[in-house]
Amino acid sequence: ITMSNRNIYVGVARLGLQIPEARSLKAKRSQTRSLVERLRSRHQVMVLETDHQNLHQRADFAICAVSTDVVDVEARLQRVSDTIDRNWAGYILNWDVEVHQV
């Protein structure tokens, strides 16, 4: 295997959501599932629930984008943020982005 000298950039966004109307874990999943599927399909990112899996009114996610172009990673995560703003009816508690070169 030969390794290329091209840089690889990994952008990770941490997203915290509050779902005040969710009265069960099933209700939480039904509300977050459509958002997660939309983000994955529209923006080609990986989305993973990272915390509060057992709470029905909170959800934390890590959203990851990978590219050989740092501008692409930053722009894709900005589009993800815009999609969340337009499509999420609950509260967005936090949105923190880090980009690393690997």
Side-chain angles (χ1 to χ4, degrees):
I1 300 174
T2 60
M3 296 297 289
S4 171
N5 287 336
R6 290 196 74 165
N7 293 327
I8 299 172
Y9 299 94
V10 178
V12 179
R14 294 180 183 268
L15 170 66
L17 300 175
Q18 184 175 11
I19 312 124
E21 62 279 354
R23 300 291 179 239
S24 68
L25 291 176
K26 185 176 179 179
K28 168 189 170 178
R29 280 191 300 274
S30 72
Q31 291 188 25
T32 58
R33 184 181 304 122
S34 63
L35 178 66
V36 167
E37 290 172 1
R38 176 175 281 130
L39 297 177
R40 286 177 176 157
S41 67
R42 285 191 182 173
H43 304 292
Q44 298 176 343
V45 293
M46 181 174 49
V47 183
L48 175 70
E49 188 171 1
T50 58
D51 202 359
H52 307 300
Q53 290 91 338
N54 295 324
L55 298 178
H56 58 268
Q57 294 189 335
R58 280 288 313 269
D60 282 8
F61 293 94
I63 302 166
C64 180
V66 179
S67 179
T68 56
D69 182 1
V70 68
V71 174
D72 176 52
V73 168
E74 292 169 343
R76 195 169 343 154
L77 290 175
Q78 181 58 54
R79 289 190 301 272
V80 166
S81 175
D82 295 343
T83 298
I84 294 165
D85 288 341
R86 284 192 309 273
N87 294 283
W88 183 249
Y91 300 107
I92 300 169
L93 301 176
N94 64 290
W95 174 261
D96 301 306
V97 175
E98 294 179 10
V99 178
H100 301 276
Q101 180 181 342
V102 294

If you look at every heavy atom in Val73 and Val10, which pair is closest and at what distance?
CG1-C, 4.3 Å
Identify the heavy atoms of Pro20 and Gly90 that sit nearest to each other, and give their distance.
CD-CA, 4.5 Å
Would you compute the distance between atom [atom1] of [X] and atom [atom2] of [Y] and round it to the nearest 0.5 angstrom?
X	Y	atom1	atom2	answer
Leu35	Leu17	CG	CG	6.5 Å
Arg76	Ser81	CZ	OG	15.0 Å
His43	Asp82	NE2	CG	8.0 Å
His56	Gln31	NE2	CD	11.0 Å

Salt bridge (charged side-chain N to carboxylate O under 4.0 Å, His left out) contacts in which one or both residues fall within residues 90-102, not counting sequence neighbours:
none
Only pairs at least two apart or in different chains count here, so list each salt bridge (charged side-chain N to carboxylate O under 4.0 Å, His left out) that has a residue in residues 13-40.
Lys28-Glu49
With Ala75, which residues qualify under side chain to side chain contact (heavy atoms under 4.5 Å, CB included), at least two apart?
Arg79
Exercise answer: donor-acceptor pairs, residues 58-69 side-chain atoms, under 3.5 Å, sequence neighbours excluded:
unit_1, atom_1, unit_2, atom_2, d
Arg58, NH2, His52, NE2, 3.3
Arg58, NH2, Asp60, OD1, 3.0
Ser67, OG, Asp69, N, 3.0
Ser67, OG, Asp72, OD2, 3.0
Thr68, OG1, Arg6, NH2, 3.3
Asp69, OD1, Val71, N, 3.0

Is the shortest heavy-atom distance from the side chain of Trp88 to the side chain of Ile19 under 4.5 Å?
yes
Listed by chain and number, what are the side chain to side chain donor-acceptor pair (under 3.5 Å) partners of Gln44, not counting sequence neighbours?
none
Kindly determine whether Asn94 and Leu15 satisfy side-chain contact (heavy atoms from CB on, under 4.5 Å), including the steps that lead there.
CA-CA 6 Å; Asn94 64 290; Leu15 170 66; over 6 Å; no
Establish whether [X] and [Y] are linked, either directly or via other cluster members, by ILVMFWY side-chain heavy-atom contacts under 4.5 Å.
X	Y	value
Leu93	Val97	no
Val12	Val45	no
Met46	Val99	no
Leu77	Tyr9	yes

Residues clustered with Leu48, ILVMFWY side-chain links under 4.5 angstrom:
none
